Amino acid sequence: MNHPPHNGPSRRGVLHGGGAIALTTVVGTTLSACGKGESGESSDGTVTINMWHGQADNSLKTLKTLVAEFHKAHPKIKVDLGGGVIADNMLQKVTAGLASGSVPDIAYIYGSDLASVARSSKLATHTEAIKSGPLPWRQYWPAARDAVSVHGQVRAYPALIDALAVVCNKKVFREAGVKLPEPGWTWAEYIDTSRRLTDKKSNTFGTGWPGAGDEDTVWRMWPMIWGLGGDILSEDGTRIGFAGEPGLRALEVLQALVKDKSCYVDPKPGGEQMYQVFAGGRMGMATTGPWQLPDIKEVNIDYHVVPLPSFDGKSITIAGPDTWAVFDNGAARTKAARTFVSWLNQPEQDVRWAIEGGSLPLSSPTENLEKWQNHVNDLPGLSVFTEAVSSARVRPVIPAYPQISAAFAEAVTSVLLGKSSPAKALRACTLRANTTLAARE
């Protein structure tokens, strides 16, 4: 293995902006339940629910094991793990299903796609059910709660959560004679560290950044925006919230990295080349999530994890939660689907899902389990991510987010490639995004 692969769903496929396929053709329509309008209930009272899981590899193996255990504990509910579409293509499949009147009972939906799916009344609302469920609502991390809430209503169950931090290759730091960063460091120090780690002779870069112009390019910019007092959307929702200084200073960080030629810009989606350069010992720092740590450890990289830099010494990170969307295919199936996903989220199951899928606990009760604490002790640096997720923020769950992200991605990419100045790129982004928002009025 020459680079850390992604386990489960394309882990930062989970970051795709999504929502590109409009649901206007299905909003408000009355749809039958998954094909034939069947109740899913057999003569003996057993209810069968369909699940489009989107999982692969280790995550799928874990899910199959959990489903088998669920069946033993709940003999009157059968979970059919059909819908083998990968998570990256789930929005397209669900949208087609909504249009044709054939949707599953449960689908794995990226958090950034939930608002688009929620435009359909076919997506069930769980505000009361989840708050009175076996895992108290307030014990989910705030980021997990925010990611499933649309216009004040809970429209899905949390499925997975993670956060960003910086992983450092100790060998690269030692060879460059650079001290490892510590919590509380700043973006100015990040720029300086990256410059000092860069060595043209050995083709070593200080850091890297995805430059494909997709959500992976954008989402790691939001902590900088938030740290500068900006936001993705203005309070009144009519324009972007990062025009002016927040957006300008954030883009200036990238400009400084490019100017120093200390940043490897990965032109392909998913950041695979960037992680390959890091795993090959030719990159000092990589901003990534907990899903990467087991593979970094497996290729014997001596590493150090530190929270994201900030502008004022107070680190802010971003979580990229995913969701279990439950569709209303009748009372019996909806109840059964809620029972299953609620069971999945209980600490005893969640801890296995998090460990084997390379994510983080959805709640504080899971974090407090001995099994999770042992996992943290076995995987150096994981505690940095766990501590960060408790205060992490998420992207707004709004239908307009994909358009905002696309406009900002264009600005970020143009700066990374040296095709535009931060000021010029931000002006173009502001015009494009605000025009799109105005058209939605």
Side-chain angles (χ1 to χ4, degrees), residues 15-20 110-116 118-119 142-153 163-164 186-187 209-210 213-255 287 308-321 388 391-416 420-441:
L15 301 172
H16 291 175
Y110 293 151
S112 53
D113 291 338
L114 183 63
S116 294
R119 294 167 65 186
R145 299 198 303 266
D146 291 344
V148 297
S149 300
V150 184
H151 300 310
Q153 297 294 316
L164 286 179
T186 66
W187 284 108
W209 204 283
D214 56 11
E215 184 62 15
D216 204 15
T217 301
V218 173
W219 86 309
R220 53 194 72 214
M221 295 292 293
W222 299 131
M224 283 194 275
I225 297 294
W226 293 327
L228 290 163
D231 211 335
I232 298 173
L233 198 64
S234 63
E235 288 187 11
D236 62 8
T238 62
R239 60 192 184 283
I240 61 172
F242 55 95
E245 183 179 4
L248 183 63
R249 290 186 61 187
L251 289 171
E252 285 175 345
V253 169
L254 299 188
Q255 184 186 47
T287 299
L308 291 181
S310 68
F311 291 97
D312 60 2
K314 299 177 182 178
S315 180
I316 298 176
T317 192
I318 184 170
S391 60
R393 296 181 60 175
V394 296
R395 294 157 288 184
V397 189
I398 55 173
Y401 178 77
Q403 286 72 41
I404 296 173
S405 174
F408 198 31
E410 187 174 314
V412 173
T413 304
S414 66
V415 172
L416 283 172
S420 182
S421 68
K424 183 179 179 181
L426 185 60
R427 283 195 300 271
C429 167
T430 301
L431 177 61
R432 176 181 171 184
N434 286 347
T435 300
T436 298
L437 289 171
R440 287 177 171 268
E441 292 290 311

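From a predicted model like this one, the values you see are computed outputs, not experimental measurements.
Residues passing the salt bridge (Lys or Arg N to Asp or Glu O under 4.0 Å) test with D312, sequence neighbours excluded: none.
Distance check: F311 CZ to L228 CG gives 4.0 Å after rounding to the nearest 0.5 Å. Once rounded to the nearest 0.5 Å, the distance linking CD of Q255 with OG of S420 reads 9.0 Å. Taking OG of S116 as the reference point, atom OH of Y401 lies at 12.0 Å (rounded to 0.5 Å). Here T317 contributes atom OG1 and L308 contributes atom CG; the two are 4.0 Å apart, rounded to the nearest 0.5 Å.
Between W222 and F408, the ring center distance clears the sub-6.0 Å criterion.
Contact of the I232 side chain with the P396 side chain is registered, since non-hydrogen atoms from C-beta on lie closer than 4.5 Å. When side chains are defined from C-beta on, R119 counts as touching P399, because their heavy atoms get closer than 4.5 Å. Annotation: side chain of M221 is not in contact with side chain of F242 (no heavy-atom distance under 4.5 Å). Contact annotation: the side chain of T413 approaches that of T217 to within less than 4.5 Å [non-hydrogen atoms, C-beta and beyond]. For the pair P246 and M224, the minimum side-chain heavy-atom distance is 4.5 Å or more. With contacts defined as side-chain heavy-atom distances shorter than 4.5 Å, the pair W187/E252 does not qualify.
The closest donor-acceptor contact from the side chain of S149 to the backbone of G152 lies at 3.5 Å or more, if one exists at all. Between the side chain of R220 and the backbone N or O of T287 there is at least one donor-acceptor pair closer than 3.5 Å. With hydrogens and angles ignored, the 3.5 Å screen pairs no side-chain donor or acceptor of T238 with any backbone N or O of S234.
Considering all non-hydrogen atoms of both residues, A409 and G213 come closest at CB-O, 3.3 Å. For I240 against N434, the heavy-atom pair with the smallest separation is N-OD1, 2.9 Å. Listed here is the closest heavy atom pair of V415 and L251: CG1-O, 3.7 Å. Closest heavy-atom contact between L426 and G244: CD2-O, 3.4 Å. Looking at every heavy atom in both residues, A411 comes nearest to A425 through CB-O, 3.6 Å. The shortest heavy-atom contact between P210 and L416 is O-CD1, 3.7 Å.
Residue pairs meeting the salt bridge (Lys or Arg N to Asp or Glu O under 4.0 Å) criterion with at least one partner in residues 238-248, sequence neighbours excluded, are D236-R239, E245-R249.
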(request) Test side-chain contact (heavy atoms from CB on, under 4.5 Å) on V150 and L114 and set out the steps. (result) CA-CA 8 Å; V150 184; L114 183 63; 4.2 Å; yes

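With R395 as the fixed residue, the side chain to side chain contact (heavy atoms under 4.5 Å, CB included) test singles out one of I318, V218, L233: I318.
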